[in-house]
Amino acid sequence: MRIYKLMDALRVLVVEDDALLAMLLAELLASMGHDVCATAATEAEALIAAIRYRPDLMIVDAGLGRGSGVSAVEEILRAGPLAHVFVTGDADRVRRRKPDAIVVRKPFREAELANAIDLALAAARRSV
């Protein structure tokens, strides 16, 4: 049983360097009614995918094997506001760099991710 409210379908970019986690996130987002337009495993791939696919939302692992998810988001946001959620095992590291970041700690539940997405969308709307 889902306890979160249904949201409009979003085009989502998943930035995650663990292929299994990226696939699981994509499946979870699809089950929530969203379209995963791309996945990226590195900071450079995230930048290219954001330009190419123009997502409505990014779900980003803060620590990538090659590069930083936080740095990727900072660079992408230079073009304008974009809803984003960090999914990480080290929330404190993200918050030291981005105090207002919306962070979901790994492991997480579907309802936690859905709530974080709602918060990220609201924050992006306020930034416009």
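All of these numbers come straight from a predicted model, not from anything done at the bench. For the single chain, residues carry numbers from 1 onward in sequence order.
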TODO: Is it possible for you to say whether Val104 and Leu21 belong to one hydrophobic cluster, with membership spreading through side-chain heavy-atom contacts below 4.5 Å?
DONE: no
Task: Leu29 with Leu10, same ILVMFWY side-chain cluster at under 4.5 Å - done: yes
Open item on the list: Closer than 4.0 angstrom, basic N to acidic O: yes or no for Glu112 and Arg109?
Closed with: no
Side chains of [X] and [Y] in contact at under 4.5 Å (non-hydrogen atoms):
X      : Y      : value
Phe108 : Leu28  : yes
Glu16  : Met23  : no
Arg52  : Cys37  : no
Glu27  : Met32  : no
Pro81  : Arg125 : no
Glu74  : Arg97  : yes

What's the separation between atom [atom1] in [X] and atom [atom2] in [Y], rounded to the nearest 0.5 Å?
X      : Y      : atom1 : atom2 : answer
Glu43  : Ser71  : CD    : OG    : 4.5 Å
His84  : Asp56  : NE2   : CG    : 14.5 Å
Asp118 : Leu113 : CG    : CG    : 10.0 Å
Arg66  : Asp17  : CZ    : CG    : 10.0 Å

Open item on the list: Run the side-chain contact (heavy atoms from CB on, under 4.5 Å) test on Val12 and Ile59 for me, step by step, so that the C-alpha distance in whole Å, both residues' side-chain angles and the decisive distance to 0.1 Å come before the verdict.
Closed with: CA-CA 7 Å; Val12 184; Ile59 305 294; 3.8 Å; yes
Minimal non-hydrogen separation, [X] against [Y], with atom names:
X      : Y      : answer
Ile102 : Leu119 : CD1-C, 3.4 Å
Gly89  : Arg105 : O-NH1, 4.2 Å
Ala83  : Ala124 : N-CB, 3.6 Å

- [ ] Any chance you could pull the hydrophobic cluster mates of Phe86, using side-chain heavy atoms under 4.5 angstrom and chaining through other members?
- [x] Leu13, Val15, Leu47, Met58, Val60, Leu64, Val70, Val73, Ile76, Leu77, Leu82, Val94, Val103
Open item on the list: Suppose clustering is done on Ile, Leu, Val, Met, Phe, Trp and Tyr with side-chain heavy atoms closer than 4.5 Å. Which residues sit in the same group as Ile48?
Closed with: none
Task: Whether Thr42 side chain and Glu45 backbone form a donor-acceptor pair below 3.5 Å - done: yes
TODO: Output yes when a side-chain donor or acceptor of Arg11 lies under 3.5 Å from a complementary backbone atom of Tyr53, and no otherwise.
DONE: yes
Task: Trace of the side-chain contact (heavy atoms from CB on, under 4.5 Å) decision for Asp61 with Asp18 - done: CA-CA 9 Å; Asp61 181 6; Asp18 182 310; 5.9 Å; no
TODO: Tell me, yes or no, whether the heavy-atom count around Arg54 atom CZ, taken from other residues, nucleotides or ligands under 6.0 Å, exceeds 12.
DONE: no
